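Shown next, in structure tokens, is the structure this report addresses.
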Amino acid sequence: MYMNGIKGSSYLMENLKRYVERYEDLMDRRPLLLNSVLLRQNPHNVHEWHKRVKLFDGKPKEIINTYTEAVQTIEPAIATGKLHTIWVEFAKYYESHSQIEEARVIFQKGTNVAYIKVEDLASVWCEWAEMELRHENYDQALALMRRATAASGRKVAYFDKSEPVQNRLYKCLKVWSMYADLEESLGTYKTTKAVYDRIIDLRIATPQIIINFGMFLEEHKYFEEGYKAYEKGIALFKWPNVYDIWNTYLTKFIERYGGKKLERARDLFEQCLDGCPKKFTKAIYLLYAKLEENYGLARHAMAVYDRATKGVLPEEQYEMFNIYIKRAAEIYGVTHTRAIYEQAIEVLSEEQAREMCIRFADLERKLGEIDRARAIYGHCSQICDPRVTASFWQTWKEFEIKHGNEDTMREMLRIKRSVQATYNTQVNFMSAQMLAASKQPSATTSDLAGGGMDEMKLLEQRAQVMAAEAEADKPKLKKDILFVRGGSKAGDEQLAEAVRTANPEEINIDEDDEDSGEEVDEVQVETKTIPDEIYGGIKND
């Protein structure tokens with residue numbers, strides 16, 4: 001019995017070890033089994049094939065078999081992920097084991113796959129060329145790029161999906177960019193120029209390609225050819241894409257010729273500014289003005305600055321005015337900046353105009369023009385709410401303390417009260433409108449009786465008080481003026497009384513007053529009898 005028990009326990013232990021080993025093997029193979037399940041669900045999942053290759057790390061035969069199975073299984077039209085990465089990694093695996101010929105075979109097969117996108121095929125060609133460069137096969141790399149960029153027998157559109165990607169590859173910018181880089185590094189001037197010209201002719205160039213072409217020509221001392229390249233790029237693109245080309249072109253031209261071809265430079269700037277959005281005009285105007293200052297006329301530079309203040313974005317006008325004022329003061333003197341300050345005050349926003357007014361007034365004060373400075377403060381005060389811009393009023397007050405007198409200080413205080421009243425009136429009017437809009441129509445005087453008086457009621461009372469004051473200020477008619485109706489007679493006593501009381505200050509001049517202070521002597525008058533003949537028959541009657 002005892003021996004049978006020992007044999008039974010050893011058998012159980014062996015079975016247990018066997019089960020543990022199976023379990024461990026299952027756990028070790030679990031990622032691979034899960035990957036197999038996922039690939040059975042979707043055999044066109046590129047990402048899962050890459051994971052499967054990593055699971056076979058250190059097993060070259062299994063890795064090659066996996067890559068081979070992947071490229072044979074995946075359908076390009078329904079592939080999930082980037083199919084070209086399978087071909088590229090497959091070739092790189094051979095390269096990592098110094099099997100260059102096998103890698104080339106893989107790349108060659110990868111270029112014949114019917115990819116969905118042209119960029120995928122271009123990536124295979126570029127990776128192939130980079131492998132040749134890593135092994136210093138420069139001629140082979142150039143030959144590959146020439147093959148890749150060779151046009152097919154007929155012209156096709158780049159986005160024409162009815163054509164295979166191999167026929168559309170010659171219009172892919174990625175391949176041409178690498179080809180241009182290789183020609184610049186390994187080719188000659190003529191071959192490189194031919195590549196860039198071909199890119200421009202195909203109309204697939206970017207602004208960076210144009211700039212690279214121009215700089216390449218300048219490095220080989222073909223300056224005019226470089227300028228022609230810039231002009232070709234300008235003809236290809238519109239704003240805002242053409243900004244970098246214009247900026248490079250103008251900068252290079254000025255560095256090359258300076259003031260030797262001033263009229264040509266001016267024409268270029270005018271051509272650039274024609275149709276230029278305001279977002280990009282600031283840098284162009286500053287470069288233009290710098291050209292006029294260094295090689296042209298000062299008045300032309302001032303004209304450019306003046307145009308710049310009107311041609312830039314509103315948020316850049318203040319900075320442009322500051323530059324304009326600074327340059328004008330350095331060239332013509334500070335007195336020439338008065339017109340610029342006035343223009344800035346009219347154009348800028350209130351906050352920026354207020355700052356300009358303070359600077360303008362300070363300038364006039366330094367020049368000794370106290371009255372002009374005071375007038376500027378008075379003009380600026382109309383946009384300065386005393387409750388918000390206390391610093392402005394403090395500045396004006398300090399100015400009057402130093403340079404004014406009692407009358408000017410009173411005038412400043414009067415203006416301050418007037419401006420504050422103006423802003424208060426505006427605020428009260430807006431408040432009344434807001435309250436009227438939010439006022440409920442059911443709100444009546446009886447509703448206010450129970451509680452406190454609301455703001456609308458206060459405004460109504462204030463309006464009544466103001467109306468009463470206005471009524472009291474009206475001139476009163478005199479009560480003593482009488483009106484007599486036509487066709488009726490007033491009594492003599494009433495008329496006399498009205499005349500006497502109509503004007504109490506009237507001076508009464510009587511005829512008797514003239515000789516009231518003197519005594520006149522009586523004069524004896526001699527009398528004669530009138531003859532009867534004079535009367536004729538009248539006397540008898």
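Just so it is clear, the structure is predicted and the values come from calculations on it, not from any experiment.
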Side chains of [X] and [Y]: do they bring a donor and an acceptor to under 3.5 Å?
X    : Y    : result
E184 : Y196 : yes
T85  : H50  : yes
T188 : T191 : yes
Q317 : T309 : no

>> Between Y138 and E132, does the side-chain hydrogen bond (donor to acceptor under 3.5 Å, both in side chains) criterion hold? Intermediate values first, please.
In response: CA-CA 7 Å; Y138 304 120; E132 299 294 348; over 6 Å; no
> Do K261's NZ or CZ and the ring of Y257 fall within the cation-pi criteria of under 6.0 Å and 45°?
Replying inline: yes
> Mind checking whether Q108 and W128 have side chains closer than 4.5 Å, heavy atoms only?
Replying inline: yes
> Can you tell if the side chain of F237 reaches within under 4.5 Å of the side chain of I210, non-hydrogen atoms only?
Replying inline: yes
> Where the side chain of N212 meets the backbone of Q208, is there a donor-acceptor pair that is under 3.5 Å apart?
Replying inline: yes
Parallel, tilted or perpendicular: which fits the ring planes of [X] and [Y], with parallel below 30° and perpendicular above 60°?
X    : Y    : result
Y249 : W246 : parallel
Y243 : W239 : tilted
Y115 : H84  : perpendicular
Y305 : Y324 : parallel

With the threshold set at 4.0 Å, does a side-chain nitrogen-carboxylate oxygen contact exist between [X] and [Y]?
X    : Y    : answer
K92  : E95  : no
E224 : R264 : yes
K282 : E319 : yes
R307 : E292 : no

Looking at [X], I want to see if its [atom1] is surrounded by more than 12 non-hydrogen atoms of other residues, nucleotides or ligands under 6.0 Å.
X    : atom1 : answer
D201 : CG    : yes
E130 : CD    : yes
E136 : CD    : no

Compile the donor-acceptor pairs under 3.5 Å between side chains in residues 363-380 and protein atoms, sequence neighbours left out, one pair per line.
| from | atom 1 | to | atom 2 | distance (Å) |
| --- | --- | --- | --- | --- |
| E364 | OE1 | R338 | NH2 | 3.0 |
| E364 | OE1 | R372 | NE | 3.4 |
| E364 | OE2 | R338 | NE | 2.8 |
| E364 | OE2 | R372 | NE | 3.3 |
| R365 | NE | D362 | OD1 | 3.3 |
| R365 | NH2 | D362 | OD1 | 2.8 |
| K366 | NZ | D362 | OD2 | 3.4 |
| D371 | OD1 | R374 | NH1 | 3.3 |
| R374 | NE | E400 | OE1 | 3.4 |
| R374 | NE | E400 | OE2 | 3.0 |
| R374 | NH2 | E400 | OE1 | 3.3 |

Enumerate donor-acceptor pairs with a distance under 3.5 Å from any side-chain N or O in residues 328-335 to protein atoms, sequence neighbours excluded.
| from | atom 1 | to | atom 2 | distance (Å) |
| --- | --- | --- | --- | --- |
| E330 | OE1 | R327 | NH1 | 2.2 |
| Y332 | OH | R299 | N | 3.3 |

> Atom CD in E225, atom CZ in F213: separation rounded to 0.5 Å?
Replying inline: 7.5 Å
